[in-house]
Amino acid sequence: MRLILLGPPGVGKGTQAERIVNAFSVPHISTGDILREAVKNETPTGLKAKAYMDKGELVPDMIVIDLVKERLDDGDCTDGFLLDGFPRTVAQAEALDSVLSEMNSPIDSVIQLYADEDEIVKRLTGRRVCSICGKAYHVMFLKPKIENICDDDKGALIQRKDDNEETVRNRLNVYETKTKELIDYYTDKDVLISVDAGGAIDSISSEIINKLKSLDAVQ
Ligand code: AMP
């Protein structure tokens, strides 16, 4: 399965990605995670990307496209992958199409998650992530077993620098102006599945996984 998760920041892409990759045994490729790791390690890419990320702006296409091309070359992507947070512009989508057509392996499905904007702001500003593994929690909706401690590795939970209200509004604005047009792009290619991400996490993942399984059965 070659899959893309598309949707505004805070709609729950990371949480759903974890469940989808477990169900289909494909690697999870999150450009946000790759970039945050580069920033943490102060690599040349990380140093270039940091200022854009802190403001909630998109990192330039060339940088992100190169990162994804390199990652797709890894052996674990041969039988499929889930892209999360990429593509975010038409230029990125076109670059991805050309890489995949060289490999003769087009995208199977694009899962579009949508939710109400106020709900998204609430989710993002209340989000906390593990400082070690990056797992996401929420101060109200998805609490860890012990306050401020990750259930999996006991890392301290922190707030992402770009999860404050001002940056969140900017990230949503960037999504509206630069990324949302990808819905039309993939509708035209007849690969779009839309899922309402406003409900409970478990029922959203069941809906996504069932839809993907029924598509897989048809192919
Ligand atoms: P995310 O974790 O997906 O919300 O991404 C966090 C930040 O990383 C975004 O606000 C952007 O600054 C940057 N970023 C992640 N993916 C991309 C992408 N495909 N294109 C440009 N910037 C990206």
Side-chain angles (χ1 to χ4, degrees), residues 3-18 20-21 27-72 81-100 107 110-115 117 120-131 133-138 157-183 185-186 197:
L3 306 169
I4 293 174
L5 253 185
L6 181 66
V11 77
K13 295 193 296 296
T15 305
Q16 295 303 333
E18 230 179 89
I20 300 169
V21 298
H28 174 200
I29 304 176
S30 154
T31 43
D33 285 349
I34 297 173
L35 287 165
R36 275 185 290 280
E37 190 62 24
V39 170
K40 195 161 120 191
N41 295 330
E42 298 183 345
T43 66
T45 300
L47 294 174
K48 277 185 231 154
K50 186 176 185 314
Y52 297 98
M53 295 173 75
D54 284 350
K55 283 186 284 186
E57 298 291 335
L58 293 185
V59 172
D61 285 336
M62 283 307 294
I63 296 179
V64 191
I65 290 168
D66 282 349
L67 281 179
V68 171
K69 275 188 188 164
E70 213 174 288
R71 182 64 186 85
L72 290 179
F81 48 79
L82 172 71
L83 285 167
D84 161 10
F86 181 95
R88 263 174 152 102
T89 62
V90 170
Q92 292 179 15
E94 288 171 348
L96 178 64
D97 279 348
S98 83
V99 173
L100 295 180
I107 286 293
V110 177
I111 307 129
Q112 180 219 351
L113 298 179
Y114 60 90
E117 180 167 331
I120 286 177
V121 173
K122 242 190 281 169
R123 284 190 193 178
L124 280 180
T125 52
R127 176 164 70 178
R128 299 293 180 270
V129 294
C130 173
S131 50
C133 70
K135 184 169 175 176
Y137 296 85
H138 191 279
L157 302 191
I158 52 167
Q159 183 172 35
R160 262 171 55 171
K161 213 171 171 180
D162 57 354
D163 277 348
N164 65 78
E165 183 152 355
E166 190 190 341
T167 312
V168 163
R169 296 267 176 210
N170 191 35
R171 288 162 65 199
L172 287 171
N173 188 36
V174 167
Y175 177 78
E176 283 295 319
T177 52
K178 298 195 171 149
T179 308
K180 215 173 170 183
E181 57 191 308
L182 292 179
I183 296 171
Y185 183 90
Y186 288 115

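All ligand and atom numbering here is 1-based and tracks the order in the structure.
- By the criterion of a heavy-atom distance under 4.0 Å, both the backbone and the side chain of Val59 are placed next to ligand 1.
- The CG atom of Leu6 sits 8.5 Å away from the CG atom of Leu113 when rounded to the nearest 0.5 Å.
- Counting only heavy atoms from C-beta outward, the side chains of Ile65 and Val99 never approach each other to under 4.5 Å.
- Residue-ligand proximity: Lys55 is placed with every non-hydrogen atom at 4.0 Å or more from ligand 1.
- Of all atoms in ligand 1, numbered sequentially from 1 with element shown, those under 4.0 Å from a heavy atom of Leu35 are 8 (O), 13 (C), 14 (N), 15 (C), 23 (C).
- Here Lys13 has no heavy atoms under 4.0 Å from ligand 1, in either its backbone or its side chain.
- By the 4.0 Å N-to-carboxylate-O rule, Arg127 lies too far from Asp162 to be salt-bridged with it.
- Residue-level proximity to ligand 1 for Lys50 is absent, since no heavy atom of it falls below 4.0 angstrom.
- Considering only heavy atoms from C-beta on, Lys180 stays 4.5 Å or farther from Gln112 through its side chain.
- Between Asp33 and ligand 1, no pair of N/O atoms sits closer than 3.5 Å.
- Pro9 has its side chain within reach of Leu172: a pair of non-hydrogen atoms, C-beta onward, lies under 4.5 Å apart.
- Of the possible polar contacts, none joining the Arg88 side chain to the Lys178 backbone as a donor-acceptor pair under 3.5 Å is found.
- With Glu57, Arg88, Met53 as candidates, the residue nearest to atom 4 (O) of ligand 1 on a non-hydrogen basis is Arg88.
- Short contacts between ligand 1 and Thr31, defined as distances under 4.0 Å to a heavy atom of the residue, involve ligand atoms 15 (C), 16 (N), 17 (C), 19 (N).
- Using a 4.5 Å heavy-atom threshold, the side chains of Gln16 and Ile111 count as separate.
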Which side-chain N or O atoms in residues 45-58 pair as donor and acceptor under 3.5 Å with protein atoms at least two apart or in another chain?
from: Lys50; atom 1: NZ; to: Asp54; atom 2: OD2; distance (Å): 2.6
from: Glu57; atom 1: OE2; to: Asn170; atom 2: ND2; distance (Å): 3.1

Identify all side-chain donor-acceptor contacts of residues 28-35 below 3.5 Å with residues at least two apart in sequence or on another chain.
from: His28; atom 1: NE2; to: Asp84; atom 2: OD2; distance (Å): 2.8
from: Ser30; atom 1: OG; to: Gly32; atom 2: N; distance (Å): 3.4
from: Ser30; atom 1: OG; to: Asp33; atom 2: N; distance (Å): 2.9
from: Thr31; atom 1: OG1; to: Gly85; atom 2: O; distance (Å): 3.1
from: Asp33; atom 1: OD1; to: Arg36; atom 2: NH2; distance (Å): 2.9

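- Taking every heavy atom of Arg160 and a limit of under 4.0 angstrom, the matching atoms of ligand 1 come to 1 (P), 2 (O), 4 (O), 6 (C).
- Applying the 4.0 Å criterion to heavy atoms of Arg171 picks out, from ligand 1, the atoms 4 (O).
- Considering backbone and side-chain atoms alike, Gly85 places an N or O below 3.5 Å from some N or O of ligand 1.
- Ligand 1 places these atoms under 4.0 Å from at least one heavy atom of Gln92: 18 (C), 19 (N), 20 (N), 21 (C).
- With a heavy-atom cut-off of 4.0 Å, Val64 touches ligand 1 through its side chain alone.
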